[in-house]
J.: 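So that we are looking at the same thing, I have put the structure below in structure tokens.
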Amino acid sequence: MANLLEIKDLEKSYLKVGVNFGGSRVKILNGVNLTIEAGSCVGLIGESGSGKSTLARLIMGLEKPDKGSILFEGIPAKQWIKNNKGKMSVVFQDYTASVNPRYTVVEAIAEPIYASGAVTDLDQRIDRLLVKVGLEHEIKNRYPHELSGGQLQRVCIARAIATNPRFIVLDEAISSLDVSVQSQILKLLHRLRIEMNITYLFVAHDLQAVSHLCNKILFLYQGQIVEELQSGELAMAKNKYARDLLASVIPFEV
Amino acid sequence: MAGFWKRFRNDNLAMGVSLFLLMVITLAILAPLLAPYDPTAQNIIDKFQGPSLTHWFGTDQLGRDVFSRILFGGRVTILVSVLTMVVTIVIGTVLGVMAGYFRGTVDDVIMRICDIMLSFPSEVLILAIVGILGTGITNIVLATVIAKWAWYVRMIRSIVIQFMDSNYIRFAKVAGCSTGHIVRKHLLVGAIGEIAVLATLDTAAIILNISALSFLGLGVQPPTAEWGMMLNEAKNVMTTNPGQMLAPGMAIFLVVAAFNFLGDSIQEALNPKINRGFKTKRYSLLDSLFGRKKVVTE
Ligand SMILES: Nc1ncnc2c1ncn2[C@@H]1O[C@H](COP(=O)(O)OP(=O)(O)OP(=O)(O)O)[C@@H](O)[C@H]1O
Ligand SMILES: [Mg+2]
């Protein structure tokens, strides 16, 4: 399969806050290399603070890398995003802050549709999207604070798939939901991926969720991808960090 | 926003203060129709009269009707202050949003200029500018705007930066929404409340400022009526007729206090959490009168 996304030697550092005026920088990403094939689902695992969200923000073009390249189908990320409006999307972990509190459900879902230009039969499109993510019509004119966590995250997913994207970044999209809702949302995400042929980058800090959904799992540790495994061959991890992580979740004899 | 209006309406002080200000502004605008006398017409024979049915607030040292002068003075004081506030807030919002939205070089340039402006004490800067440009109402407005805009850019930039860190703006950017859309729908709508608080509290400060400059003889020139200048004229006869200070002094005091209360009430209605413990007992009347920021304690 062709590569949708190719990242080479990506580096990113942030200014350390509160350490006098020395201006010392902390390197969060230190030479990240990865590829994501079109149509696949890639999981990105790493402990809290390892820079997963930072990597996601760089991929989405929200921040500039210090060094290295991010190429979508051979084109620099910024250019690709400009040429392919609405073809990339994102779902965040913190659903409460993901929707403007002054937007109704309909307004939130309509926003990316307007942004990508094509506005024909908006009402029906939104109805279809609501059905697709398993939401009732009566919530259409509600505000975010009038929805449950699971409902709101479904709204976020509906909004993310509204423009038929080819690539979605899911930054811990299920981590702050409770367990029963997590599995429902996972199933929903899996179904949507198959139906709409979307490529996922699934960021998570716990392995269990990812191992079901993803074809390939990347381990981010100390600013680098230290291990890359196909989902069937988790037991074959060579890197110590990846093995420790695996051992803590799955009772293999490793 | 619906919650905001509901809380605002249930706040008696907020409603009272809004009504009072609305009344004062209406009186100021309609001064030419309502004033019983010409505010500059002198009548030396009737000077220093006490309040009566013919002269509600009495007459001053030149026999002019104080009530008419208060009405016309309010026109100058309040309208000039509101105009000054609008100009500063517009400059502050435009530059603050630019700095907070684009960051990088734009931000650096704007903020360094602000740093330079803020390194002068604002009162001294205003006096210096009036000294260069000369006295007069246009010049004190100009001086106040020059002295204050940088502070507003700072405040509004920090409000904008908070919003820029929210996921819904990240989503809008990834979805390819235009800068104009994000600024209008997310930033301005979100920040409007906090900007309104800044604006009302600031109007109070500017009224004091402009009155003070007129009191010093740098602003409005006689015989035009203006509250600060009326206070200045009353000062000259303070020992013989102290009652002359009452009308302009109370007018400034009440309007400034009302704007400060209004600013606080808007803030409370916007962030009900701040005020949970204070609902029955206002934190401190004095703090509010002088526009001092309250310390939030849960
Ligand atoms: N804008 C920023 N400025 C300074 N430091 C930052 C910034 N953004 C992130 N960091 C730092 O970078 C590190 C990585 O943060 P990041 O959010 O990418 O971690 P993460 O892997 O997503 O963690 P989590 O699993 O908790 O979400 C953290 O130490 C964080 O403090
Ligand atoms: Mg994160």
Side-chain angles (χ1 to χ4, degrees), chain A residues 53 56-57 59-64 77-78 80-104 107-118 143-146 152-153 155-157 159-163 165 167-169 171-173 176, chain B residues 1-8 97 99-108 111-112 115 158-197 266-267 269-274:
Chain A
S53 299
R57 284 199 299 273
I59 292 174
M60 293 182 284
L62 292 170
E63 281 172 32
K64 285 197 198 81
K78 245 200 154 133
W80 189 88
I81 294 168
K82 224 180 226 162
N83 298 347
N84 296 273
K85 263 200 183 155
K87 292 298 161 201
M88 182 188 313
S89 202
V90 57
V91 179
F92 294 102
Q93 166 180 21
D94 183 10
Y95 47 81
T96 50
S98 296
V99 181
N100 188 333
R102 290 178 182 81
Y103 272 9
T104 61
E107 286 170 322
I109 299 177
E111 185 175 58
I113 301 180
Y114 277 119
S116 69
Y143 289 92
H145 67 269
E146 298 167 332
L152 193 50
Q153 195 61 304
V155 171
C156 291
I157 293 171
R159 174 178 79 166
I161 60 169
T163 51
F167 179 57
I168 299 185
V169 177
D171 189 354
E172 313 214 19
S176 43
Chain B
M1 261 347 226
F4 169 79
W5 287 116
K6 208 167 141 200
R7 281 192 294 274
F8 194 80
V97 167
Y101 187 92
F102 293 110
R103 303 303 295 272
T105 326
V106 182
D107 189 23
D108 286 342
M111 287 328 286
R112 292 302 78 75
D115 285 345
S158 67
I159 296 172
V160 168
I161 286 176
Q162 273 174 31
F163 279 97
M164 290 307 287
D165 199 35
S166 62
N167 283 339
Y168 54 83
I169 291 192
R170 293 214 180 93
F171 176 85
K173 280 185 165 177
V174 173
C177 294
S178 66
T179 303
H181 172 91
I182 295 175
V183 168
R184 263 183 290 115
K185 291 283 178 167
H186 294 301
L187 282 182
L188 289 185
V189 170
I192 195 81
E194 288 174 62
I195 294 178
V197 173
I266 296 176
Q267 199 161 36
L270 280 174
N271 305 314
K273 277 179 233 128
I274 291 180

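Any value given below was found using the heavy atoms of this structure, including those in side chains, with hydrogens, waters and symmetry copies removed. Below, read A as the first sequence line, B as the second, and so on, with proteins coming before strands; counting in each chain starts at 1.
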J.: Do any of residues 179-188 of chain B come closer than 4.5 Å to chain A, heavy atom to heavy atom, and if so which ones, in number order?
T.: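 The stretch touches chain A at B:H181, B:K185, B:H186.
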J.: For the interface with chain B, which of A:V90, A:T163, A:I81, A:N100 has the highest count of heavy-atom pairs at distances below 4.5 Å?
T.: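 Among A:V90, A:T163, A:I81, A:N100, the one with the most close pairs to chain B is A:N100.
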J.: With sequence neighbours left out, what residues match A:F167 under ring pair (Phe, Tyr, Trp, His ring centres under 6.0 Å)?
T.: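 Counting only residues at least two positions away or on another chain, A:F167 forms a ring pair (Phe, Tyr, Trp, His ring centres under 6.0 Å) with A:F72.
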J.: Taking side chain to side chain donor-acceptor pair (under 3.5 Å) as the test, write out the residues that go with A:N84, two or more places apart.
T.: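 None.
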J.: Considering only heavy atoms and a distance below 4.5 Å, find which of A:E111, A:E107, A:K82, A:K87 pairs most often with chain B.
T.: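 That would be A:E111.
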J.: What closest approach, in Å, do B:A175 and A:A115 show between heavy atoms, and which atom pair accounts for it?
T.: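 So the two residues come closest at O-CB, 3.6 Å.
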J.: Determine the sole option in A:P144, A:S98, A:P101 for which the side chain to side chain contact (heavy atoms under 4.5 Å, CB included) test with B:Y168 is passed.
T.: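 Among the candidates, only A:P101 passes.
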J.: Check B:R170 against A:L62 and note the closest heavy-atom contact, atom names and distance.
T.: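 Looks like CD-CD1, 3.5 Å.
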J.: Can you confirm whether B:F8 is buried at CZ, in the sense that more than 12 heavy atoms of other residues, nucleotides or ligands lie under 6.0 Å from that atom?
T.: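 For B:F8, atom CZ is crowded (more than 12 foreign heavy atoms under 6.0 Å).
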J.: Measure A:R57 against the heavy atoms of chain B and call it side chain, backbone, both or neither at under 4.5 Å.
T.: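 Looking at A:R57, just its side chain touches chain B.
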J.: Measure A:Y103 against the heavy atoms of chain B and call it side chain, backbone, both or neither at under 4.5 Å.
T.: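 The side chain, not the backbone.
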J.: What salt bridge (charged side-chain N to carboxylate O under 4.0 Å, His left out) pairs are there with at least one residue in residues 90-99 of chain A, not counting sequence neighbours?
T.: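 Output for this query is empty, none listed.
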J.: Compare all side-chain heavy atoms of A:C156 with those of B:F171 and state whether any distance is below 4.5 angstrom.
T.: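 Heavy-atom side-chain distance check fails, nothing below 4.5 Å.
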